[in-house]
Amino acid sequence: MNKEKIKDDVRRLIDAYNLLVDGIDHKADESDRAYGGVIRAGKGALVESLAKNMISIVWRELGGKANRFSLDKQTVKIPINPAYIEKIKSPEVRKYIKDNIHDFYYVAKADVHVYIDKKFVMGIECKAYTENAMFKRILVDFTLLKQANKNLDCVLFQLESQLGGDYSKISKDIIYGSGSTHTLMSYFDVDLSIVTLLEGERKVDKPIHKKEYAKKLGEEGLLKAMIFFEDHLKKYL
């Protein structure tokens, strides 16, 4: 990736991050809704917007055609597992499900869906931060999504990490992760990539929307994340 060529794009993303983070707390103070809900909604929208913009920039810089690429999210129908039906003890229930099989599915989706040639190739969960209780849910969601597309690239895209280990040390060339997070992943057949934008483990009592605890979104973190997306998207050229 030509870092000079995308310098203006990176600068705009950083400016947008600074503007939105500075405004989240002010907006929450003026809102009639619960303070925490406004904060979560604001940060969630920010992370999702960053992910979409970065993916779009990477595809453009790879020379990918715009008409092959889409971020229009579609829900995914996950069919019932046939092996489960055979394990049901009641023959009446088994017959009922088989007779109405088209009604037995679960609707799943990620925060961001990336389509190339109308094929769902990457799902991205966007979080202001992630801790391991949340991480379990993400693994379950991606396990379901992969039932519809075995080759789906699965990504956790977060501002801050609360997973332990070195996930928050974004300047490192190799991230070794944490014992608890790797243990959780070992029980799921999902190759889940974790991308973190901000340096330093999340502190519950030091929220980044407060000016005294604000963290800067640097070029290094953005570029590292964009190189990650580049590595995953270039196979579709």
Quick one: side chain to side chain contact (heavy atoms under 4.5 Å, CB included) partners of Asp205, sequence neighbours excluded?
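Side chain to side chain contact (heavy atoms under 4.5 Å, CB included) check on Asp205 returns Lys203.
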Met134 vs Glu125 side-chain heavy atoms within contact, under 4.5 Å:
no
Do the non-hydrogen side-chain atoms of Asn2 and Ile6 ever get within less than 4.5 Å of each other?
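No; the side chains remain at least 4.5 Å from each other.
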Tell me whether [Y] is reachable from [X] by hopping between hydrophobic residues (I, L, V, M, F, W, Y) whose side-chain heavy atoms are closer than 4.5 Å.
X: Ile138; Y: Val112; answer: no
X: Val93; Y: Tyr96; answer: yes
X: Leu145; Y: Phe157; answer: no
X: Val114; Y: Leu222; answer: yes
X: Phe228; Y: Val10; answer: yes

Closest non-hydrogen atom pair, [X] against [Y]:
X: Leu163; Y: Ser178; result: O-OG, 2.8 Å
X: Lys172; Y: Ile175; result: CB-CD1, 3.9 Å
X: Lys146; Y: Lys150; result: NZ-O, 2.7 Å
X: Ile170; Y: Thr196; result: CG2-O, 3.2 Å
X: Tyr129; Y: Gln158; result: C-OE1, 4.1 Å
X: Gln74; Y: His113; result: O-CE1, 3.0 Å

Neighbour count >12 (heavy atoms, 6.0 Å) for atom [atom1], [X]:
X: Asp189; atom1: CG; value: no
X: Asp191; atom1: CG; value: no
X: Arg137; atom1: CZ; value: no
X: Lys235; atom1: NZ; value: yes
X: Lys109; atom1: NZ; value: no

Between the side chain of [X] and the main-chain N/O of [Y], is any donor-acceptor distance below 3.5 Å?
X: Lys215; Y: Glu199; value: yes
X: Asn100; Y: Asp103; value: no
X: Asn149; Y: Asn151; value: yes
X: Arg68; Y: Ile116; value: no
X: Lys169; Y: Gly200; value: no

Show your working on side-chain contact (heavy atoms from CB on, under 4.5 Å) between Tyr106 and Lys77 and close with a plain yes or no.
CA-CA 6 Å; Tyr106 180 79; Lys77 283 188 176 182; over 6 Å; no
Under a plain distance cut-off of 3.5 Å, with no hydrogens placed, do Thr183 and Ser180 share a side-chain donor-acceptor pair?
no
Testing Tyr236, Phe120, Phe69, Trp59 one by one against Tyr115 for a ring-ring contact (aromatic ring centres under 6.0 Å, His included), which residue passes?
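By the ring-ring contact (aromatic ring centres under 6.0 Å, His included) criterion, Tyr115 pairs with just one of Tyr236, Phe120, Phe69, Trp59: Phe120.
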Would you check, one step at a time, whether the test side-chain contact (heavy atoms from CB on, under 4.5 Å) holds for Asp9 with Asn53?
CA-CA 9 Å; Asp9 291 308; Asn53 276 279; over 6 Å; no
Before giving the answer on salt bridge (Lys or Arg N to Asp or Glu O under 4.0 Å), spell out for Lys52 and Glu48 the whole-Å C-alpha distance, their side-chain angles and the decisive distance to 0.1 Å.
CA-CA 6 Å; Lys52 288 180 176 179; Glu48 189 171 322; 3.3 Å; yes
Apply salt bridge (Lys or Arg N to Asp or Glu O under 4.0 Å) to residues Glu61 and Lys5 and explain how you reach the verdict.
CA-CA 9 Å; Glu61 291 305 308; Lys5 194 175 178 183; 3.7 Å; yes
Check against side-chain contact (heavy atoms from CB on, under 4.5 Å), Ser171 and Glu220:
CA-CA 8 Å; Ser171 59; Glu220 180 185 15; 3.4 Å; yes
With salt bridge (Lys or Arg N to Asp or Glu O under 4.0 Å) as the criterion, how do Lys95 and Glu92 come out once you've worked through the C-alpha distance, each side chain's angles and the decisive distance to 0.1 Å?
CA-CA 5 Å; Lys95 183 179 185 306; Glu92 292 83 5; over 6 Å; no
Checking side-chain contact (heavy atoms from CB on, under 4.5 Å) for the pair Ile14/Glu219: CA distance, chi angles, key distance, verdict?
CA-CA 8 Å; Ile14 292 173; Glu219 290 186 12; 3.8 Å; yes
Could you give me the CA-CA distance, side-chain angles and deciding distance for Asp8 and Arg11, then say whether salt bridge (Lys or Arg N to Asp or Glu O under 4.0 Å) is met?
CA-CA 5 Å; Asp8 289 342; Arg11 184 73 259 160; over 6 Å; no
